[in-house]
Amino acid sequence: MRAAGIDLGGTKIELQVFGDDWEVVARKRVPTPQTYDALIAALAGLVTWTDTQAGYQVPLGIGAAGLINPATELALTANLCATGRPLHRDVERAAGREVVFINDCRALALSEAIFGAGKGHHTVMSLILGTGVGGGVAIGGDIHAGPTMTGGEFGHMSAPAHLVEQYGLPIVQCGCGRRGCSETYIAGPGMSRIAETIMGARVSPPDIIAQRATDPLAQRVWEIWCAFTADLLCNLTLAVDPDVIVIGGGLSKIDGVIEALTAATQNAQFGDFAIPAIVLAQGGDASGARGAAYAGFQHQQAQAFDLGTSEHAKGE
Ligand SMILES: [Zn+2]
């Protein structure tokens, strides 16, 4: 077994074990416990189950919706009962071994860079548009991670003031504690918030999409959503200038989303400068576990390298 990945979500925990060619060789799914102690026990149980099946400690990563603050080791998460708790350390203590923790959006970005739509490109940026918005940047096959571990929280970058003013949209408090985050306009609930202003009702994204052809107001909501999302893509291009931008998440399944975002982002870009290729994620719902497993695999490789060089140094 090459590695194992756990996709830790608010309603379910999915373990996937990967063979030498990164094909799934075992899979286990359990509901996400709603108390902290039970959550730790469930995660440690899946880690131990994997090691027992393999007969050794399999490189393992956990991809979770949320952040671990490296300065305090405490978790910050909207949909797990783990905020303010040392989630990573407690899982390691309960399982009696090391595991890698990675944000779920970063896991998906890594998976797309290695196995999916970004394969073969040097700098791969992913933007995941779902009930929340996040992403990640992979450079040369490694997810870029800095000292604060907040890089990739694209949804919490400020929304463009000129578009907020142009369409008379409200500025609301985001779940992260800041006001006016991009996510409050471009996540699924954000699209409904735009509809509230333009259509006079909180219409769901699937209904907005279905009504585009017959209702000019629904079409307008869609165009405004594209403009906000494109502005974020343009800002990210100005910051990173990736070779390719991979779009994932529930809203990426909307018909024509890639063409619409490409046109809107080109429109937002300076003069006649090009924009990176914008493409659809390929991994689907399996990407989270695969990316987490790959992060676990990379961590083990790096440790083996460290060990090799330090022993080599000792020998000299
Ligand atoms: Zn925010």
Side-chain angles (χ1 to χ4, degrees), residues 1-69 73-112 114-115 128 130 134 136 143 145 149 283-304:
M1 292 173 187
R2 174 84 71 167
I6 292 176
D7 187 14
L8 168 56
T11 55
K12 67 172 172 62
I13 306 175
E14 174 144 346
L15 164 76
Q16 292 182 11
V17 184
F18 297 89
D20 284 344
D21 296 324
W22 288 99
E23 77 284 13
V24 178
V25 294
R27 191 190 296 266
K28 220 169 154 66
R29 184 184 282 202
V30 297
T32 306
Q34 299 304 314
T35 68
Y36 183 71
D37 290 346
L39 177 66
I40 298 298
L43 290 168
L46 289 171
V47 175
T48 304
W49 181 85
T50 306
D51 290 347
T52 305
Q53 297 295 308
Y56 59 94
Q57 285 190 4
V58 179
L60 188 142
I62 298 177
L67 300 173
I68 306 272
N69 185 341
E73 298 195 338
L74 304 180
L76 173 66
T77 161
N79 59 2
L80 299 170
C81 49
T83 291
R85 310 295 293 266
L87 177 63
H88 185 187
R89 293 297 160 231
D90 281 345
V91 171
E92 289 192 326
R93 203 167 296 129
R97 56 158 287 186
E98 191 181 29
V99 299
V100 168
F101 248 79
I102 182 170
N103 169 271
D104 58 348
C105 291
R106 254 67 89 203
L108 195 144
L110 181 58
S111 178
E112 286 298 321
I114 301 296
F115 304 106
I128 294 102
I143 201 77
M149 300 300 281
D285 296 339
S287 281
R290 193 181 296 267
Y294 195 79
F297 167 74
Q298 281 185 314
H299 181 73
Q300 188 217 35
Q301 298 287 100
Q303 277 187 326

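Atom CD1 of I62 and atom CG of L46 lie 8.5 Å apart (nearest 0.5 Å). Considering CG of L67 and CD1 of I102, their distance stands at 12.0 Å, rounded to 0.5 Å. How far CG of L87 is from CG of L39: 6.0 Å, rounded to the nearest 0.5 Å. Remark: R85 CZ to L76 CG distance equals 14.5 Å, nearest 0.5 Å. Taking CD1 of I40 as the start and OG1 of T35 as the end, the distance is 9.5 Å to the nearest 0.5 Å. A distance of 3.5 Å separates OH of Y36 from CG of D90, quoted to the nearest 0.5 Å.
Contact record, I6 with A292: O-CB, 4.1 Å, taken as the closest heavy-atom pair. In terms of heavy-atom proximity, A82 sits nearest to A75 at O-CB, 3.4 Å. The two residues L80 and A65 come nearest to each other via the heavy atoms CD1-O, 4.1 Å. Between A3 and F297, the closest heavy-atom pair is CB-CB, 4.0 Å. Of all the heavy atoms in P33 and I13, the pair that sits closest is CD-CD1, 3.9 Å. Closest of all the heavy-atom pairs between A4 and V58 is N-CG1, 3.8 Å.
Formation of a donor-acceptor pair under 3.5 Å by the S111 side chain with backbone atoms of A107 is not found in this model. Side-chain N or O atoms of D21 include none that pairs as donor or acceptor with a backbone N or O of E23 at under 3.5 Å. Listed for the T83 side chain is a donor-acceptor partner under 3.5 Å among the backbone atoms of T77.
The aromatic rings of H88 and F101 are tilted relative to each other, their planes meeting at an angle between 30° and 60°.
Residues passing the salt bridge (Lys or Arg N to Asp or Glu O under 4.0 Å) test with E92 are R89, sequence neighbours excluded.
Sequence neighbours left out, the pairs with a member in residues 94-103 that pass salt bridge (charged side-chain N to carboxylate O under 4.0 Å, His left out) are D51-R97. Listed by first then second residue, pairs satisfying side chain to side chain donor-acceptor pair (under 3.5 Å) with a partner in residues 24-34 read E14-R27, E14-R29, not counting sequence neighbours.
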Pair F18-V25, side-chain contact (heavy atoms from CB on, under 4.5 Å): steps then yes or no: CA-CA 5 Å; F18 297 89; V25 294; 5.9 Å; no

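In this structure the side chain of R290 never reaches within 4.5 angstrom of the side chain of D7, judged on heavy atoms.
F115 and Y294 have their aromatic ring centers within a separation under 6.0 angstrom.
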